[in-house]
Amino acid sequence: MNFTLHQTDPHSNARAGVINTDHGDIFTPIFMPVGTAGSVKALHIRDVAEDVHAQIILGNTYHLYLRPGLDILEQVGGLHKFNGWRYPILTDSGGYQVYSLTERRKLKEEGVTFQSHIDGSKHLFTPERVMDIERSIGADIMMAFDECPPYPSEYEYAKNSMHLTHRWLDRCIERFNTTEPKYGYKQALFPIVQGSTYRDLRIQSAEYIASKEAEGNAIGGVAVGEPVEMMYEMTELVCSILPKDRPRYLMGVGTPVNILESIALGVDMFDCVMPTRNGRNGMLFTSQGIINIKNEKWKNDFSPVDEKGVSFVDHQYSKAYLRHLFISKEILGPMIASNHNLAFYLWLVGEARNHIMQGDFTEWKNKMVKQLQVRL
RNA sequence: GGGGGGAUACCAGAGCGGUCAAAUGGGGCAGACUGUAAAUCUGCUGGCUUCGCCUUCGGAGGUUCGAAUCCUCCUCCCCCCA
(Lines give C-alpha, C1' and ligand atoms only; values in the text may rest on other atoms or scores of the structure.)
Protein backbone atom coordinates (compact mmCIF):
# COMPACT_ATOMS: atom_id res chain seq x y z
CA MET A 1 0.00 0.00 0.00
CA ASN A 2 1.14 3.49 -0.82
CA PHE A 3 -0.25 6.94 -0.08
CA THR A 4 0.45 10.10 -2.04
CA LEU A 5 -0.82 13.55 -1.14
CA HIS A 6 -1.98 15.62 -4.07
CA GLN A 7 -3.18 18.80 -2.47
CA THR A 8 -3.78 20.43 0.88
CA ASP A 9 -6.47 23.03 1.47
CA PRO A 10 -5.03 26.46 2.33
CA HIS A 11 -7.83 27.32 4.79
CA SER A 12 -8.23 24.02 6.61
CA ASN A 13 -6.46 20.72 7.15
CA ALA A 14 -8.34 19.05 4.32
CA ARG A 15 -6.21 16.95 1.99
CA ALA A 16 -6.63 15.16 -1.30
CA GLY A 17 -4.54 12.15 -2.16
CA VAL A 18 -4.48 8.63 -3.48
CA ILE A 19 -3.95 5.25 -1.87
CA ASN A 20 -2.55 2.56 -4.14
CA THR A 21 -3.38 -1.05 -3.38
CA ASP A 22 -3.01 -4.27 -5.29
CA HIS A 23 -6.74 -4.08 -6.01
CA GLY A 24 -6.59 -0.55 -7.36
CA ASP A 25 -6.39 3.08 -6.34
CA ILE A 26 -8.48 4.92 -3.79
CA PHE A 27 -8.81 8.66 -4.26
CA THR A 28 -9.17 10.48 -0.96
CA PRO A 29 -11.04 11.79 0.85
CA ILE A 30 -13.18 8.71 0.44
CA PHE A 31 -16.28 7.14 1.91
CA MET A 32 -16.27 3.36 2.22
CA PRO A 33 -19.64 1.59 2.10
CA VAL A 34 -20.09 -0.94 4.88
CA GLY A 35 -20.53 -4.54 3.79
CA THR A 36 -20.47 -6.25 7.16
CA ALA A 37 -21.44 -9.75 6.17
CA GLY A 38 -19.82 -9.63 2.76
CA SER A 39 -22.52 -7.59 1.05
CA VAL A 40 -23.38 -3.93 0.98
CA LYS A 41 -26.93 -4.49 2.13
CA ALA A 42 -29.61 -4.23 -0.58
CA LEU A 43 -27.17 -3.46 -3.40
CA HIS A 44 -25.75 -5.46 -6.25
CA ILE A 45 -21.97 -5.42 -6.34
CA ARG A 46 -22.25 -4.09 -9.90
CA ASP A 47 -24.12 -1.02 -8.67
CA VAL A 48 -21.76 -0.51 -5.73
CA ALA A 49 -18.98 -0.23 -8.31
CA GLU A 50 -20.59 1.29 -11.38
CA ASP A 51 -23.43 3.41 -10.06
CA VAL A 52 -22.35 4.31 -6.54
CA HIS A 53 -18.72 4.53 -7.68
CA ALA A 54 -17.41 3.09 -4.44
CA GLN A 55 -13.66 2.54 -4.53
CA ILE A 56 -13.34 0.39 -1.44
CA ILE A 57 -15.83 -1.42 0.79
CA LEU A 58 -15.75 -2.90 4.27
CA GLY A 59 -16.21 -6.37 5.61
CA ASN A 60 -16.41 -7.40 9.22
CA THR A 61 -14.07 -9.92 10.79
CA TYR A 62 -16.50 -11.01 13.48
CA HIS A 63 -19.46 -11.53 11.16
CA LEU A 64 -17.52 -13.22 8.38
CA TYR A 65 -15.73 -15.48 10.83
CA LEU A 66 -19.11 -16.66 12.16
CA ARG A 67 -20.64 -16.91 8.68
CA PRO A 68 -19.67 -18.20 6.20
CA GLY A 69 -16.59 -19.11 8.25
CA LEU A 70 -12.91 -19.22 7.42
CA ASP A 71 -13.12 -22.62 5.86
CA ILE A 72 -15.33 -21.34 3.05
CA LEU A 73 -13.41 -18.09 2.64
CA GLU A 74 -10.11 -19.94 2.30
CA GLN A 75 -11.59 -22.49 -0.10
CA VAL A 76 -12.80 -19.77 -2.43
CA GLY A 77 -9.63 -17.71 -2.11
CA GLY A 78 -10.77 -14.75 0.01
CA LEU A 79 -13.65 -12.33 0.22
CA HIS A 80 -12.98 -10.68 -3.15
CA LYS A 81 -13.54 -13.98 -4.92
CA PHE A 82 -16.53 -14.76 -2.75
CA ASN A 83 -18.56 -11.58 -3.23
CA GLY A 84 -17.19 -10.55 -6.61
CA TRP A 85 -15.81 -7.17 -5.52
CA ARG A 86 -12.62 -6.63 -7.48
CA TYR A 87 -11.51 -3.44 -5.76
CA PRO A 88 -9.99 -2.86 -2.33
CA ILE A 89 -11.57 -4.23 0.82
CA LEU A 90 -11.01 -3.14 4.41
CA THR A 91 -11.98 -5.37 7.29
CA ASP A 92 -12.96 -4.10 10.66
CA SER A 93 -11.44 -6.27 13.35
CA GLY A 94 -14.41 -6.95 15.58
CA GLY A 95 -13.34 -4.15 17.89
CA TYR A 96 -16.65 -2.45 17.35
CA GLN A 97 -18.45 -5.63 18.37
CA VAL A 98 -16.56 -5.44 21.67
CA TYR A 99 -18.58 -2.26 22.10
CA SER A 100 -21.89 -3.13 20.43
CA LEU A 101 -22.17 -6.69 21.74
CA THR A 102 -21.18 -5.71 25.27
CA GLU A 103 -23.87 -7.98 26.76
CA ARG A 104 -22.52 -10.97 24.90
CA ARG A 105 -18.80 -10.74 25.49
CA LYS A 106 -16.18 -11.03 28.20
CA LEU A 107 -13.11 -8.83 28.06
CA LYS A 108 -9.75 -10.12 29.27
CA GLU A 109 -6.09 -9.28 28.73
CA GLU A 110 -5.73 -12.20 26.41
CA GLY A 111 -8.65 -11.13 24.26
CA VAL A 112 -12.43 -11.17 24.09
CA THR A 113 -14.78 -14.11 24.41
CA PHE A 114 -17.87 -13.54 22.28
CA GLN A 115 -21.08 -15.44 22.50
CA SER A 116 -22.27 -15.70 18.92
CA HIS A 117 -25.42 -13.69 18.21
CA ILE A 118 -26.34 -16.41 15.74
CA ASP A 119 -26.23 -19.61 17.77
CA GLY A 120 -24.87 -18.65 21.18
CA SER A 121 -21.60 -20.53 20.74
CA LYS A 122 -18.50 -19.08 22.41
CA HIS A 123 -15.50 -17.78 20.46
CA LEU A 124 -12.24 -16.29 21.68
CA PHE A 125 -10.88 -13.34 19.71
CA THR A 126 -7.27 -12.52 20.50
CA PRO A 127 -5.18 -9.99 18.57
CA GLU A 128 -3.29 -12.90 17.01
CA ARG A 129 -6.47 -14.72 16.04
CA VAL A 130 -7.95 -11.57 14.53
CA MET A 131 -4.85 -11.07 12.38
CA ASP A 132 -5.13 -14.65 11.18
CA ILE A 133 -8.79 -14.21 10.36
CA GLU A 134 -8.17 -10.98 8.46
CA ARG A 135 -5.46 -12.75 6.52
CA SER A 136 -7.98 -15.43 5.62
CA ILE A 137 -10.59 -12.92 4.57
CA GLY A 138 -7.91 -11.29 2.47
CA ALA A 139 -8.66 -7.62 3.13
CA ASP A 140 -6.35 -5.09 1.52
CA ILE A 141 -6.50 -3.10 4.73
CA MET A 142 -6.72 -4.97 8.03
CA MET A 143 -7.72 -3.16 11.18
CA ALA A 144 -5.99 -3.84 14.47
CA PHE A 145 -8.04 -5.45 17.22
CA ASP A 146 -9.05 -2.76 19.70
CA GLU A 147 -11.52 -2.01 22.42
CA CYS A 148 -14.00 0.71 21.57
CA PRO A 149 -15.06 2.08 24.96
CA PRO A 150 -18.58 3.39 25.38
CA TYR A 151 -19.51 7.02 25.99
CA PRO A 152 -19.40 8.17 28.66
CA SER A 153 -16.44 6.28 30.12
CA GLU A 154 -14.77 7.09 33.42
CA TYR A 155 -11.25 8.40 33.01
CA GLU A 156 -9.69 5.34 34.63
CA TYR A 157 -11.69 3.00 32.42
CA ALA A 158 -10.78 4.94 29.29
CA LYS A 159 -7.13 4.98 30.29
CA ASN A 160 -6.95 1.26 31.00
CA SER A 161 -8.89 0.52 27.84
CA MET A 162 -6.49 2.62 25.79
CA HIS A 163 -3.48 0.83 27.23
CA LEU A 164 -5.12 -2.51 26.53
CA THR A 165 -5.69 -1.43 22.92
CA HIS A 166 -2.01 -0.45 22.72
CA ARG A 167 -0.84 -3.79 24.12
CA TRP A 168 -3.15 -5.57 21.71
CA LEU A 169 -1.75 -3.46 18.89
CA ASP A 170 1.77 -4.65 19.67
CA ARG A 171 0.55 -8.22 19.50
CA CYS A 172 -1.30 -7.50 16.23
CA ILE A 173 1.84 -6.03 14.72
CA GLU A 174 3.94 -8.97 15.88
CA ARG A 175 1.54 -11.45 14.31
CA PHE A 176 1.09 -9.35 11.19
CA ASN A 177 4.86 -9.16 10.70
CA THR A 178 5.37 -12.88 11.15
CA THR A 179 2.64 -14.04 8.79
CA GLU A 180 2.13 -13.74 5.05
CA PRO A 181 -0.85 -12.81 2.92
CA LYS A 182 -2.66 -15.92 1.70
CA TYR A 183 -3.77 -14.89 -1.76
CA GLY A 184 -0.78 -13.30 -3.43
CA TYR A 185 -1.49 -9.59 -2.90
CA LYS A 186 -0.31 -7.23 -0.18
CA GLN A 187 -2.24 -6.39 2.96
CA ALA A 188 -1.77 -3.37 5.21
CA LEU A 189 -2.43 -3.07 8.94
CA PHE A 190 -3.99 0.07 10.39
CA PRO A 191 -3.68 0.72 14.14
CA ILE A 192 -6.46 2.57 15.98
CA VAL A 193 -6.22 5.57 18.29
CA GLN A 194 -8.45 5.38 21.37
CA GLY A 195 -8.68 7.50 24.53
CA SER A 196 -12.38 8.27 24.68
CA THR A 197 -13.13 11.98 25.17
CA TYR A 198 -10.02 12.78 27.22
CA ARG A 199 -7.54 15.08 25.52
CA ASP A 200 -4.48 13.78 27.35
CA LEU A 201 -5.39 10.18 26.55
CA ARG A 202 -6.05 10.98 22.92
CA ILE A 203 -2.66 12.72 22.69
CA GLN A 204 -0.93 9.80 24.36
CA SER A 205 -2.70 7.28 22.14
CA ALA A 206 -2.08 9.22 18.94
CA GLU A 207 1.61 9.49 19.76
CA TYR A 208 1.81 5.80 20.51
CA ILE A 209 0.03 4.87 17.29
CA ALA A 210 2.16 7.31 15.28
CA SER A 211 5.31 5.73 16.66
CA LYS A 212 4.38 2.44 15.00
CA GLU A 213 4.74 4.04 11.56
CA ALA A 214 1.92 2.03 10.09
CA GLU A 215 0.84 2.48 6.48
CA GLY A 216 -2.31 4.22 7.63
CA ASN A 217 -3.89 5.17 10.95
CA ALA A 218 -7.39 5.14 12.32
CA ILE A 219 -9.29 7.09 14.91
CA GLY A 220 -11.74 4.91 16.81
CA GLY A 221 -14.04 5.29 19.74
CA VAL A 222 -15.92 8.23 18.23
CA ALA A 223 -19.58 8.66 17.28
CA VAL A 224 -20.64 6.47 20.18
CA GLY A 225 -23.02 9.02 21.65
CA GLU A 226 -20.74 11.90 22.58
CA PRO A 227 -21.63 15.45 21.50
CA VAL A 228 -20.39 16.16 17.96
CA GLU A 229 -18.29 19.09 19.15
CA MET A 230 -16.41 16.66 21.33
CA MET A 231 -15.92 14.31 18.40
CA TYR A 232 -14.53 17.14 16.26
CA GLU A 233 -12.28 18.26 19.10
CA MET A 234 -10.80 14.79 19.49
CA THR A 235 -10.48 14.32 15.74
CA GLU A 236 -8.67 17.62 15.31
CA LEU A 237 -6.36 16.85 18.18
CA VAL A 238 -5.49 13.38 16.92
CA CYS A 239 -5.02 14.56 13.33
CA SER A 240 -2.51 17.12 14.56
CA ILE A 241 -0.37 14.25 15.85
CA LEU A 242 -0.83 11.49 13.27
CA PRO A 243 1.69 11.57 10.41
CA LYS A 244 0.67 13.74 7.47
CA ASP A 245 2.06 11.35 4.90
CA ARG A 246 -0.24 8.46 5.85
CA PRO A 247 -3.99 8.19 5.37
CA ARG A 248 -6.20 8.87 8.37
CA TYR A 249 -9.37 6.91 8.83
CA LEU A 250 -12.16 8.14 11.12
CA MET A 251 -14.04 4.98 12.00
CA GLY A 252 -17.81 4.85 11.89
CA VAL A 253 -18.41 8.45 10.84
CA GLY A 254 -20.94 9.57 9.96
CA THR A 255 -23.54 12.02 8.76
CA PRO A 256 -22.76 13.98 5.58
CA VAL A 257 -22.04 17.02 7.74
CA ASN A 258 -19.78 15.01 10.07
CA ILE A 259 -17.83 13.87 7.05
CA LEU A 260 -17.34 17.33 5.57
CA GLU A 261 -16.31 18.78 8.91
CA SER A 262 -13.92 15.92 9.54
CA ILE A 263 -12.39 16.24 6.09
CA ALA A 264 -11.65 19.83 7.08
CA LEU A 265 -9.88 18.47 10.15
CA GLY A 266 -7.60 16.27 8.06
CA VAL A 267 -9.43 12.94 7.76
CA ASP A 268 -9.06 10.96 4.55
CA MET A 269 -11.24 7.90 5.00
CA PHE A 270 -14.71 7.27 6.39
CA ASP A 271 -17.16 4.46 6.79
CA CYS A 272 -20.62 4.40 8.28
CA VAL A 273 -23.74 2.27 8.21
CA MET A 274 -25.87 5.40 8.05
CA PRO A 275 -26.43 5.63 4.29
CA THR A 276 -27.47 1.99 4.08
CA ARG A 277 -29.23 1.47 7.41
CA ASN A 278 -31.04 4.80 7.41
CA GLY A 279 -31.76 4.29 3.75
CA ARG A 280 -33.45 1.00 4.52
CA ASN A 281 -35.49 2.89 7.08
CA GLY A 282 -36.65 5.53 4.61
CA MET A 283 -34.17 8.35 5.20
CA LEU A 284 -32.63 9.96 2.14
CA PHE A 285 -29.60 12.23 2.20
CA THR A 286 -29.51 14.71 -0.65
CA SER A 287 -27.53 17.80 -1.55
CA GLN A 288 -30.67 19.81 -0.76
CA GLY A 289 -31.28 18.26 2.64
CA ILE A 290 -32.76 15.27 4.38
CA ILE A 291 -35.92 13.50 3.25
CA ASN A 292 -38.02 11.07 5.24
CA ILE A 293 -39.59 9.43 2.23
CA LYS A 294 -42.27 7.75 4.35
CA ASN A 295 -43.76 11.11 5.25
CA GLU A 296 -47.21 11.84 3.88
CA LYS A 297 -45.99 14.99 2.14
CA TRP A 298 -44.36 12.94 -0.63
CA LYS A 299 -47.57 11.05 -1.41
CA ASN A 300 -48.19 12.87 -4.66
CA ASP A 301 -44.78 14.33 -5.39
CA PHE A 302 -43.97 12.78 -8.74
CA SER A 303 -40.65 14.56 -9.15
CA PRO A 304 -37.48 12.43 -9.35
CA VAL A 305 -36.13 10.92 -6.15
CA ASP A 306 -33.26 13.44 -6.38
CA GLU A 307 -33.22 15.85 -9.31
CA LYS A 308 -29.57 16.64 -8.70
CA GLY A 309 -28.63 13.07 -7.87
CA VAL A 310 -25.95 11.13 -9.72
CA SER A 311 -27.43 7.65 -9.33
CA PHE A 312 -29.68 6.06 -11.92
CA VAL A 313 -32.28 5.47 -9.22
CA ASP A 314 -32.52 9.22 -8.66
CA HIS A 315 -33.98 9.72 -12.12
CA GLN A 316 -35.55 6.35 -12.73
CA TYR A 317 -38.06 6.67 -9.88
CA SER A 318 -40.24 9.39 -8.35
CA LYS A 319 -40.56 10.34 -4.69
CA ALA A 320 -44.21 9.32 -4.67
CA TYR A 321 -43.34 5.91 -6.07
CA LEU A 322 -40.50 5.42 -3.62
CA ARG A 323 -42.83 6.39 -0.77
CA HIS A 324 -45.36 3.91 -2.05
CA LEU A 325 -42.72 1.17 -2.03
CA PHE A 326 -41.80 1.94 1.57
CA ILE A 327 -45.40 2.18 2.74
CA SER A 328 -46.12 -1.12 1.00
CA LYS A 329 -42.98 -2.66 2.46
CA GLU A 330 -41.74 -3.57 -0.98
CA ILE A 331 -38.13 -4.68 -0.94
CA LEU A 332 -37.35 -2.36 -3.84
CA GLY A 333 -37.85 0.65 -1.56
CA PRO A 334 -34.85 -0.03 0.70
CA MET A 335 -32.83 -0.99 -2.37
CA ILE A 336 -33.48 2.33 -4.10
CA ALA A 337 -32.88 4.36 -0.93
CA SER A 338 -29.62 2.56 -0.12
CA ASN A 339 -28.40 2.97 -3.67
CA HIS A 340 -29.28 6.66 -3.66
CA ASN A 341 -27.67 7.36 -0.28
CA LEU A 342 -24.42 5.63 -1.13
CA ALA A 343 -24.22 7.35 -4.48
CA PHE A 344 -24.80 10.63 -2.69
CA TYR A 345 -22.10 9.94 -0.09
CA LEU A 346 -19.60 9.06 -2.78
CA TRP A 347 -20.61 12.10 -4.79
CA LEU A 348 -20.13 14.25 -1.70
CA VAL A 349 -16.60 13.08 -0.95
CA GLY A 350 -15.78 13.28 -4.67
CA GLU A 351 -16.91 16.91 -4.72
CA ALA A 352 -14.93 17.56 -1.57
CA ARG A 353 -11.88 16.20 -3.34
CA ASN A 354 -12.51 18.36 -6.40
CA HIS A 355 -12.81 21.47 -4.27
CA ILE A 356 -9.65 20.64 -2.32
CA MET A 357 -7.83 20.27 -5.62
CA GLN A 358 -9.32 23.56 -6.81
CA GLY A 359 -8.45 25.33 -3.59
CA ASP A 360 -11.96 26.46 -2.58
CA PHE A 361 -12.86 23.58 -0.28
CA THR A 362 -13.64 25.58 2.85
CA GLU A 363 -16.00 27.97 1.10
CA TRP A 364 -17.80 25.11 -0.62
CA LYS A 365 -17.93 23.06 2.58
CA ASN A 366 -19.50 25.86 4.63
CA LYS A 367 -22.18 26.32 1.99
CA MET A 368 -22.89 22.59 1.77
CA VAL A 369 -23.09 22.09 5.53
CA LYS A 370 -25.99 24.53 5.69
CA GLN A 371 -27.89 22.82 2.90
CA LEU A 372 -27.30 19.30 4.15
CA GLN A 373 -28.99 19.93 7.47
CA VAL A 374 -32.26 21.13 5.97
CA ARG A 375 -35.23 18.85 6.60
CA LEU A 376 -37.18 18.62 3.40
C1' G B 1 -92.62 -19.12 7.37
C1' G B 2 -89.60 -21.28 11.80
C1' G B 3 -85.08 -21.12 14.79
C1' G B 4 -80.46 -18.99 16.17
C1' G B 5 -76.28 -15.40 16.21
C1' G B 6 -74.58 -10.48 15.88
C1' A B 7 -73.99 -4.78 15.54
C1' U B 8 -67.63 -1.89 19.91
C1' A B 9 -62.84 3.65 17.79
C1' C B 10 -60.26 4.06 10.37
C1' C B 11 -60.56 -1.79 9.79
C1' A B 12 -60.66 -6.52 12.30
C1' G B 13 -61.68 -7.88 17.12
C1' A B 14 -61.55 -8.45 22.92
C1' G B 15 -64.51 -6.73 26.82
C1' C B 16 -70.13 -8.81 29.19
C1' G B 17 -72.39 -4.02 36.06
C1' G B 18 -67.85 0.09 38.66
C1' U B 19 -60.55 -0.57 38.28
C1' C B 20 -63.21 1.33 30.27
C1' A B 21 -61.72 6.67 26.40
C1' A B 22 -62.33 0.80 26.06
C1' A B 23 -57.21 -5.15 25.40
C1' U B 24 -54.74 -6.94 20.99
C1' G B 25 -53.65 -6.91 15.67
C1' G B 26 -53.73 -4.23 11.29
C1' G B 27 -53.90 0.48 9.04
C1' G B 28 -52.58 5.71 9.56
C1' C B 29 -49.19 9.62 11.40
C1' A B 30 -44.49 10.99 13.32
C1' G B 31 -39.59 10.07 15.34
C1' A B 32 -34.88 7.42 16.05
C1' C B 33 -30.76 5.14 13.59
C1' U B 34 -22.91 7.08 13.18
C1' G B 35 -16.13 0.83 12.62
C1' U B 36 -24.60 -3.16 11.20
C1' A B 37 -27.39 -8.81 16.62
C1' A B 38 -31.29 -3.56 12.33
C1' A B 39 -35.71 -4.79 5.41
C1' U B 40 -35.02 -2.61 12.83
C1' C B 41 -36.83 0.03 17.05
C1' U B 42 -39.93 3.88 19.60
C1' G B 43 -44.08 7.13 20.27
C1' C B 44 -48.99 8.90 19.02
C1' U B 45 -53.73 7.46 16.85
C1' G B 46 -62.24 10.66 20.17
C1' G B 47 -62.26 16.15 21.73
C1' C B 48 -60.62 19.99 24.93
C1' U B 49 -58.64 25.40 28.29
C1' U B 50 -54.98 17.72 29.11
C1' C B 51 -52.40 15.76 36.58
C1' G B 52 -58.90 17.41 35.01
C1' C B 53 -63.31 17.76 32.12
C1' C B 54 -66.62 16.64 27.90
C1' U B 55 -68.69 13.29 24.08
C1' U B 56 -68.32 7.91 22.57
C1' C B 57 -69.42 1.08 22.20
C1' G B 58 -76.24 0.49 15.88
C1' G B 59 -80.99 3.88 17.44
C1' A B 60 -84.73 5.18 21.25
C1' G B 61 -86.32 4.33 26.02
C1' G B 62 -85.75 1.87 30.87
C1' U B 63 -83.43 -0.72 35.45
C1' U B 64 -79.33 0.85 38.76
C1' C B 65 -75.79 5.00 43.23
C1' G B 66 -73.25 3.46 38.52
C1' A B 67 -74.43 0.57 31.81
C1' A B 68 -70.21 -1.01 26.11
C1' U B 69 -71.95 -4.69 29.69
C1' C B 70 -78.91 -6.01 32.32
C1' C B 71 -84.32 -5.19 30.26
C1' U B 72 -87.95 -3.39 26.25
C1' C B 73 -88.88 -1.77 21.43
C1' C B 74 -86.86 -0.29 16.65
C1' U B 75 -83.21 -0.55 12.46
C1' C B 76 -79.70 -3.35 9.89
C1' C B 77 -76.47 -7.78 9.05
C1' C B 78 -75.22 -13.13 9.18
C1' C B 79 -76.24 -18.48 9.72
C1' C B 80 -79.42 -22.93 9.89
C1' C B 81 -84.22 -25.41 8.78
C1' A B 82 -88.50 -25.27 5.37
Side-chain angles (χ1 to χ4, degrees), chain A residues 31-43 56-64 66-67 90-105 114-120 130 134 139 141-151 165 190-194 218-228 230-232 235 249-259 261-262 267 269-285 290 292-299 323 325-338 341 345 375:
Chain A
F31 178 80
M32 308 181 282
V34 177
T36 304
S39 97
V40 177
K41 292 186 195 294
L43 269 80
I56 169 172
I57 64 174
L58 261 67
N60 186 285
T61 300
Y62 169 79
H63 296 264
L64 292 168
L66 291 180
R67 276 195 310 218
L90 178 152
T91 39
D92 184 31
S93 61
Y96 187 75
Q97 280 61 47
V98 178
Y99 158 78
S100 68
L101 301 181
T102 167
E103 305 301 314
R104 310 186 67 95
R105 54 79 168 166
F114 287 105
Q115 189 163 20
S116 162
H117 67 279
I118 297 164
D119 63 5
V130 167
E134 293 190 84
I141 299 173
M142 302 168 36
M143 298 309 299
F145 191 48
D146 66 331
E147 186 201 352
C148 174
Y151 176 83
T165 288
F190 281 24
I192 303 169
V193 174
Q194 287 293 349
I219 305 167
V222 295
V224 288
E226 79 282 15
V228 279
M230 216 172 250
M231 176 172 86
Y232 294 149
T235 302
Y249 165 27
L250 186 62
M251 304 184 77
V253 174
T255 66
V257 171
N258 291 162
I259 288 173
E261 296 294 3
S262 302
V267 175
M269 304 163 73
F270 302 87
D271 80 283
C272 191
V273 303
M274 198 170 273
T276 43
R277 180 189 287 170
N278 291 29
R280 288 197 303 282
N281 294 328
M283 186 171 177
L284 269 52
F285 298 96
I290 294 165
N292 182 344
I293 201 65
K294 289 194 274 195
N295 285 179
E296 193 170 24
K297 64 203 288 191
W298 308 114
K299 186 165 58 180
R323 174 175 194 272
L325 294 175
F326 267 97
I327 296 298
S328 308
K329 297 183 167 60
E330 284 291 326
I331 197 158
L332 184 58
M335 289 169 66
I336 292 170
S338 299
N341 279 346
Y345 265 62
R375 293 249 169 188

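Sequence lines set the chain letters: A, B, ... in the order given, protein chains first and strands last, and positions in each chain run from 1.
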Quiz item: Between atom CD of A:Gln97 and atom CZ of A:Arg104, what is the distance when rounded to the nearest 0.5 Å?
Solution: 12.5 Å

Quiz prompt | Protein-nucleotide distance (A:Asp92, atom CG; B:G35, atom P), rounded to Å | solution = 10 Å

Quiz item: Starting at the 5' end of RNA chain B and moving along, which residue's nearest nucleotide shows up first, A:Lys329 or A:Lys41?
Solution: A:Lys329

Quiz item: Taking atom types as they are modelled, is there a donor-acceptor pair under 3.5 Å from the base of B:G35 to the side chain of A:Asn60?
Solution: no

Quiz item: Do A:Tyr96 and A:Asp146 have side-chain atoms, one donor and one acceptor, less than 3.5 Å apart?
Solution: no

Exercise. Determine the contact category for A:Leu58: base if any of its heavy atoms lies under 4.0 Å from a base atom, sugar-phosphate if only primed atoms, P, OP1 or OP2 are that close, otherwise nothing.
Key: sugar-phosphate

Self-check item: Interatomic distance, A:Ile293 atom CD1 to A:Leu325 atom CG [nearest 0.5 angstrom]
Solution: 9.5 Å

Quiz item: What distance do A:Leu250 atom CG and A:Asp271 atom CG have between them, rounded to the nearest 0.5 Å?
Solution: 8.5 Å

Quiz item: Checking all strands, does A:Asn258 fall into the base, sugar-phosphate, or nothing category for heavy-atom contacts under 4.0 angstrom?
Solution: base

Practice problem: Report the base-pairing partner of B:C76 (Watson-Crick or G-U wobble, both distances below 3.5 angstrom), or none. | Solution: B:G6

Practice problem: Using whole Å, report how far CD1 of A:Ile290 lies from P of B:U34. | Solution: 14 Å

Quiz item: Which part of the nucleic acid, if any, lies within contact of A:Asp271, taking any heavy atom under 4.0 Å across all strands shown: a base, the sugar-phosphate backbone alone, or nothing?
Solution: sugar-phosphate

Exercise. Measure from the side-chain heavy atoms of A:Asn292 and tell me the nearest of B:A37, B:G31, B:G35.
Key: B:G31

Quiz item: Of the nucleotides B:G31, B:A37, B:U34, which one has an atom closest to the side chain of A:Val273?
Solution: B:U34

Self-check item: Interatomic distance, A:Met231 CE vs B:U34 C1' [rounded to whole Å]
Solution: 8 Å

Quiz prompt | Rounded interatomic separation in angstrom, taking CG from A:Leu43 and P from B:U36 | solution = 17 Å

Quiz item: So, A:Asp92 versus A:Tyr62: side-chain donor-acceptor pair below 3.5 Å or not?
Solution: no

Quiz prompt | Nearest-nucleotide pick for A:Ile331, side chain only, options being B:A37, B:A39, B:C33 | solution = B:A39

Quiz item: Only one of A:Met143, A:Met142, A:Glu134 clears side chain to side chain contact (heavy atoms under 4.5 Å, CB included) with A:Leu90; which?
Solution: A:Met143

Practice problem: Starting at atom CZ of A:Arg105, determine the distance to atom C1' of B:A37, rounded to an integer number of angstrom. | Solution: 15 Å

Quiz item: Could you state the CG-C1' distance from A:Leu101 to B:A38, rounded to the nearest angstrom?
Solution: 12 Å

Self-check item: Base paired to B:U40 (Watson-Crick or G-U; both N/O distances under 3.5 angstrom)
Solution: B:A32

Quiz item: For B:G25, what is the paired nucleotide under Watson-Crick or G-U wobble rules, both distances under 3.5 Å?
Solution: B:C11

Exercise. Rounded off to whole Å, could you give me the CG-to-P distance for the A:Asn341 and B:A38 pair?
Key: 19 Å

Self-check item: Complementary nucleotide of B:G1, counting Watson-Crick and G-U pairs under 3.5 Å
Solution: B:C81

Quiz item: In the structure shown, which nucleotide is the Watson-Crick or G-U wobble counterpart of B:G52, with both distances under 3.5 Å?
Solution: B:C48

Self-check item: Pairwise distance CG(A:Leu284) to CD1(A:Ile290) - rounded to 0.5 angstrom
Solution: 10.5 Å

Practice problem: Identify which nucleotide among B:U36, B:U34, B:C33 has an atom closest to any side-chain atom of A:Val34, counting heavy atoms from C-beta outward. | Solution: B:U36

Quiz item: Under 4.0 Å between a side-chain N or O of A:Arg323 and OP1 or OP2 of B:C29?
Solution: yes

Quiz prompt | From B:G35, B:A37, B:U36, nucleotide with atom closest to A:Arg280 side chain | solution = B:U36

Quiz item: Counting only distance, no hydrogens or angles, is the base of B:U36 paired donor-acceptor with the side chain of A:Thr276 under 3.5 Å?
Solution: yes

Exercise. May I have the distance from A:Glu296 (atom CD) to B:C29 (atom P), rounded to whole angstrom?
Key: 5 Å

Quiz item: 5'-most contact on RNA chain B: A:Gly220 or A:Arg277, nearest heavy atom basis?
Solution: A:Gly220

Self-check item: Complement of B:C57, any strand, by Watson-Crick or G-U distances under 3.5 angstrom
Solution: none

Quiz item: Just checking A:Gly221: base, sugar-phosphate only, or nothing, at a heavy-atom cut-off of under 4.0 Å?
Solution: base

